[in-house]
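Working notes, structure below.
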Amino acid sequence: MLKKIVTVQIPNEQVDSAVTFFIKKANEFSSRITVSRQGNTVNAKSLLGLLSMQLTKGTELLLEAEGSDEAEALDALEKIMLDPA
């Protein structure tokens with residue numbers, strides 16, 4: 001299992017579209033991926049779960065992945081939270 005702490009750098013007005021892209025990307029990986037914030041952990045492949053976290057610029061997240069493509073998954077998902085373009 002790999003873990004990575006990421007601070008969201010996306011402008012607040014782009015967060016919802018970035019979350020949608022994040023979920024689509026997470027679903028491309030076979031690894032089990034979770035996102036945690038302030039003791040709340042959700043499946044990274046769940047739209048409702050991620051939206052419930054109310055992400056904003058500056059939010060610190062813990063990304064965790066476990067599986068055969070865990071490193072690639074975390075790298076790709078981190079990039080989206082830093083710059084979804």
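All heavy atoms count here, side chains included; hydrogens, waters and symmetry mates do not. Along the sequence shown, residues carry numbers from 1.
One distance of note links CD1 of Ile80 with NZ of Lys24; it measures 11.0 Å at 0.5 Å rounding. The line from CZ of Arg32 to CD of Glu70 is 10.5 Å long, rounded to the nearest 0.5 Å. With rounding to the nearest 0.5 angstrom, the NZ atom of Lys4 is 13.0 Å from the CG atom of Leu61. Atoms NZ and CG, on Lys25 and Leu77 in that order, are 8.5 Å from each other to the nearest 0.5 Å. In this structure, the separation between CG on Leu2 and CD on Glu66 is 9.5 Å, given to the nearest 0.5 Å. Summarising the geometry, atom OG belonging to Ser36 is positioned 11.5 Å from atom CD belonging to Glu60; distances are rounded to the nearest 0.5 Å.
Taken together through direct or relayed side-chain contacts under 4.5 Å among Ile, Leu, Val, Met, Phe, Trp and Tyr, Val8 and Leu82 form part of one hydrophobic cluster. Tracing side-chain contacts under 4.5 Å through hydrophobic residues (I, L, V, M, F, W, Y), one reaches Leu47 starting from Phe29; they form part of the same cluster.
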Donor-acceptor contacts, no H, no angles, side chain residues 49-57, under 3.5 Å, sequence neighbours left out:
residue : atom : partner : partner atom : Å
Ser52   : OG   : Gly49   : O            : 2.6
Thr56   : OG1  : Thr59   : OG1          : 3.2

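Residues Ala26 and Ala44 come closest through the heavy atom pair CB-O, 3.7 Å. The two residues Ile33 and Ala73 make their nearest non-hydrogen contact at CD1-CB, 3.8 Å. In terms of heavy-atom proximity, Asn43 sits nearest to Lys45 at OD1-N, 2.7 Å. Here the closest heavy-atom approach between residue Ser30 and residue Ser68 is recorded as OG-OG, 3.5 Å.
Counting heavy atoms from C-beta on, the side chains of Met81 and Glu78 never come closer than 4.5 Å.
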Q) Given Phe22 and Leu63, is the side chain to side chain contact (heavy atoms under 4.5 Å, CB included) satisfied, shown in steps? A) CA-CA 12 Å; Phe22 182 96; Leu63 304 180; 4.1 Å; yes
